[in-house]
Amino acid sequence: MKIVNPVIRGFNPDPSLLRVGDDYYIANSTFHWFPGVQIHHSKDLINWELVEKPLDSKRLLDMTGVPDSGGVWAPDLTYSGGKFWLVYSNVKSMRGAFKDTPNFLTTAESIHGPWSDPIYLNSNGFDASLFHAPDGKKYLINMVWDQRNYLHQFHGIQLREYSVEDQKLIGEPKIIWNGTADRITEGPHLYFINDFYYLFCAQGGTNWPHQEVVARSKNLLGPYDAEPGEPLLTAMDDSHNYLQKCGHGSLIETPDHEWYMAHLMARTLHHANESVIEPRGWAPLGRETSIEKIEWDNDGWPHVVGGKAGSREVDAPSFVTSTEAKATYPVKDDFSGDQLNINFNTLRLPSEEVGVSLVDRPGYLRLYGHESLSSLFNLSLVVRRWQAFSFDSETKVDYQPENYQQMAGMVNYYDSVDYTAAYITYNEKQGRCIEVLSCDAENFTFYLKDNAISIPDDVTSVYFKTKVRHENYSYAYSFDGQEWQDIPVTFDSLKLSDDYILMNYGGYAFFTGAFTGVFSSDLTGSKLPADFDYFKYQELE
């Protein structure tokens, strides 16, 4: 049996891998998307099902106004004393030399909650994780950020004891490792294995030079010695490897004493006129999660089976003799319940705070128009991840705008400065009509303008479709759901990627991936509702 990578497709970075008995869990970063943290479950390390999004209220996660790619960074999921421990950041700002990075802890006896009120831990860095020491003590490990930009801003990996009784960090913090010469040392996870403390860290930045490195010590407080030779995991030297950006890993041991590591990576696309070497590629699906098998040498150092760049196929654990894949999403969601499907997300805030209702018109998703697609605050938008390079998404919407500042329809979204939309609006010439816009690194284009597509007076519902085909995507519309018309505008899929933002825009962070879904904006402030009858997402690969 084989593990086929990536095991969790689409934007799911910074995996924290955990085994509890014969159950396996992976917790992933969600950044500014709500609810916070995605938790997948597996019995075999091959098939993974999205089962929980624990940070599902402002009690646990308030991301009002956080910047693009702020919010939840690198959650850490552990199990000790009969309960799950979840540590997470809620990054508030990344402006200039500073990062405001409060870290929190919540616990639950079941992976499905209820989760306790969050306990504030510290704010001096990010990628915090909890180490349950053999003597019963607990320690928080995190990278420390140094705002003094005349020094290296990744100051090192800090360890500090956590008091369960006092629900706070106690004692003096200590920097236990500064990483190797490649620096940018982050994502720490600490393990006690065969009388050594092993510190697994991400390093080199989360782009092409990304890597996972290991250091160890006989003493908890160090000194820690780096593994001799090359990094444990990296694809920085192999632009042709199927997995790119490999790094930021976490480790488990199976009951049969086999070792596996989950790590982030990305799959790239290229334009027809590009080399695979420069530019290295574009990853609209964002950073995903893969799993590698780990073996230990005679000196007690870990190595990736199959090579340090990571493999597309990996031997499954020996106990796996058969598997049964579970669908992680419905192809068509009819909005027949009173809760959003677990695969859907809102931006920064709970759905009920951004005008989302499944009960005001039963059988429909109602979005009351709020702010624009460029807002960092109150945006009525419901979307899901792109998880394949070729797919169709589709919806049907009832909407009666009376002002050009009212708009609702389909959106494909990376962040507040990179998105496109096809939508119903109103103009003085044609009345109710269809327009298409793009925000490309904050350069706005309205494509149809005076040639906006008029909607006949007897048409109540308009159907929209997104057609993603690897490097390109486009929109189509229909007035009856049968006869479709392509809108003659083609968009570059590769622009909805971390890589495009980094190369063409800059900004403070670029850590997510492309989403597809529906939105409603009403800049008049009257909150005109748009009713969506269904949403389809069908992969074609």
Side-chain angles (χ1 to χ4, degrees), residues 284 329 331-335 340-341 343-347 354-356 364-370 372-374 379-388 390-401 406-416 418-426 432-440 445-448 452-453 455 459-469 472-481 484-493 495-496 514-522 528-540:
Y329 58 89
V331 170
K332 184 178 182 182
D333 190 329
D334 289 315
F335 301 127
L340 285 173
N341 177 275
N343 290 278
F344 283 119
N345 302 266
T346 54
L347 264 173
V354 288
V356 177
Y364 287 78
L365 171 67
R366 172 164 286 186
L367 299 184
Y368 292 93
H370 281 65
S372 74
L373 288 167
S374 294
L379 173 54
S380 188
L381 168 146
V382 173
V383 294
R384 54 150 301 133
R385 286 158 174 75
W386 287 24
Q387 291 186 284
S390 181
F391 70 86
D392 287 342
S393 58
E394 181 185 316
T395 193
K396 173 187 176 185
V397 57
D398 296 352
Y399 189 57
Q400 298 292 330
Q406 297 169 327
M407 57 205 84
M410 178 163 273
V411 63
N412 287 277
Y413 187 97
Y414 175 84
D415 66 9
S416 67
D418 268 271
Y419 57 83
T420 69
Y423 57 95
I424 301 170
T425 186
Y426 177 95
R432 198 164 60 114
C433 59
I434 295 171
E435 177 61 282
V436 175
L437 72 80
S438 73
C439 175
D440 181 347
T445 302
F446 294 86
Y447 287 89
L448 303 183
I453 300 164
I455 300 172
V459 169
T460 301
S461 303
V462 176
Y463 299 77
F464 288 107
K465 182 183 291 187
T466 297
K467 301 162 69 174
V468 175
R469 302 295 184 268
N472 300 305
Y473 70 99
S474 60
Y475 293 100
Y477 72 94
S478 173
F479 294 139
D480 60 9
W484 288 87
Q485 302 294 323
D486 290 329
I487 299 175
V489 181
T490 300
F491 294 102
D492 187 342
S493 303
K495 289 187 174 183
L496 300 180
F515 284 69
T516 186
V518 296
F519 80 101
S520 179
S521 295
D522 188 346
L528 181 70
D531 292 332
F532 296 87
D533 186 31
Y534 66 85
F535 188 82
K536 289 177 66 176
Y537 172 82
Q538 187 163 20
E539 296 180 358
L540 304 178

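Hydrogens, waters and symmetry mates are skipped; everything else that's a heavy atom, side chains included, is used.
Of all the heavy atoms in Asp531 and Tyr364, the pair that sits closest is CB-CD2, 3.9 Å. Across all non-hydrogen atoms, the minimal contact from Ala422 to Val436 is CB-CG2, 4.1 Å. Smallest separation of non-hydrogen atoms from Thr425 and Pro401: O-CG, 3.4 Å.
To the nearest 0.5 Å, the span separating OG on Ser520 from CG on Leu367 amounts to 6.0 Å. Atom CH2 of Trp484 and atom CG of Asp392 lie 9.0 Å apart (nearest 0.5 Å). Between atom NZ of residue Lys467 and atom CD of residue Glu394 there is a gap of 11.0 Å, rounded to the nearest 0.5 Å. For the atom pair OG1 (Thr420) and CG (Asp440), the distance works out to 10.0 Å, reported to the nearest 0.5 Å. Interatomic distance, Ile487 CD1 to Tyr475 OH, rounded to the nearest 0.5 Å: 9.0 Å. The distance from the OG1 atom of Thr395 to the CG atom of Leu365 is 8.0 Å, given to the nearest 0.5 Å.
You'll find the side chain of Ser493 reaches within 4.5 Å of the side chain of Val468, heavy atoms only. Residues Leu540 and Arg469 form a side-chain contact, since some pair of their non-hydrogen atoms from C-beta on lies under 4.5 Å apart. Counting only heavy atoms from C-beta outward, the side chains of Val518 and Leu381 never approach each other to under 4.5 Å. In this structure, Ile455 and Val462 have side chains that are in contact, with non-hydrogen atoms separated by less than 4.5 Å. Counting heavy atoms from C-beta on, the side chains of Phe464 and Ile434 come closer than 4.5 Å. Put simply, the side chain of Phe391 does not reach to within 4.5 Å of the side chain of Gln538, judged on heavy atoms. For the pair Thr516/Phe535, a side-chain contact is recorded, criterion being any heavy-atom separation below 4.5 Å from C-beta on. You'll find the side chain of Gln406 reaches within 4.5 Å of the side chain of Tyr399, heavy atoms only.
Geometrically, Arg366 does not engage Phe532 in a cation-pi contact defined by less than 6.0 Å to the ring centre and at most 45° from the axis.
No donor-acceptor pair under 3.5 Å is formed between the side chain of Ser521 and the backbone N or O of His370. Of the possible polar contacts, none joining the Gln485 side chain to the Ser478 backbone as a donor-acceptor pair under 3.5 Å is found. Here the side chain of Asp522 pairs a donor or acceptor atom with the backbone of Leu528 at under 3.5 angstrom. A side-chain donor-acceptor contact under 3.5 Å links Asn345 to the backbone of Asn343. With hydrogens and angles disregarded, a donor-acceptor distance shorter than 3.5 Å links the side chain of Ser372 to the backbone of Ser374.
Under the 30°/60° scheme for interplanar angles, the aromatic rings of Tyr537 and Tyr329 are found to stand perpendicular. Classified by interplanar angle (parallel below 30°, tilted 30° to 60°, perpendicular above 60°), the ring pair Tyr423/Phe519 is perpendicular. Ring-plane geometry between Tyr413 and Tyr419 is classed as parallel, the angle between the planes falling under 30 degrees on a 0 to 90 degree scale with a further cut at 60.
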Inset, instruction - Quick one: do Ser390 and Glu539 satisfy side-chain contact (heavy atoms from CB on, under 4.5 Å)? Show the steps, please. - result: CA-CA 6 Å; Ser390 181; Glu539 296 180 358; over 6 Å; no
Inset, instruction - Test side-chain hydrogen bond (donor to acceptor under 3.5 Å, both in side chains) on Ser461 and Asp398 and set out the steps. - result: CA-CA 5 Å; Ser461 303; Asp398 296 352; 2.3 Å; yes
Legend entry - Evaluation steps, side-chain contact (heavy atoms from CB on, under 4.5 Å), between Ser438 and Thr445: CA-CA 5 Å; Ser438 73; Thr445 302; 3.8 Å; yes
Legend entry - Steps toward side-chain hydrogen bond (donor to acceptor under 3.5 Å, both in side chains) verdict (Asn472, Thr490): CA-CA 7 Å; Asn472 300 305; Thr490 300; over 6 Å; no
Legend entry - Stepwise side-chain contact (heavy atoms from CB on, under 4.5 Å) test for Leu347 and Val354: CA-CA 9 Å; Leu347 264 173; Val354 288; over 6 Å; no
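In this structure, the ring of Trp386 has its center no less than 6.0 angstrom from the ring center of Phe515. Residues Phe491 and Tyr473 place their aromatic rings such that the two centres sit under 6.0 Å apart.
By the 4.0 Å N-to-carboxylate-O rule, Lys536 lies too far from Asp333 to be salt-bridged with it. Between Asp418 and Lys495 there is no salt bridge, since no side-chain nitrogen of the basic residue lies less than 4.0 Å from a carboxylate oxygen of the acidic one.
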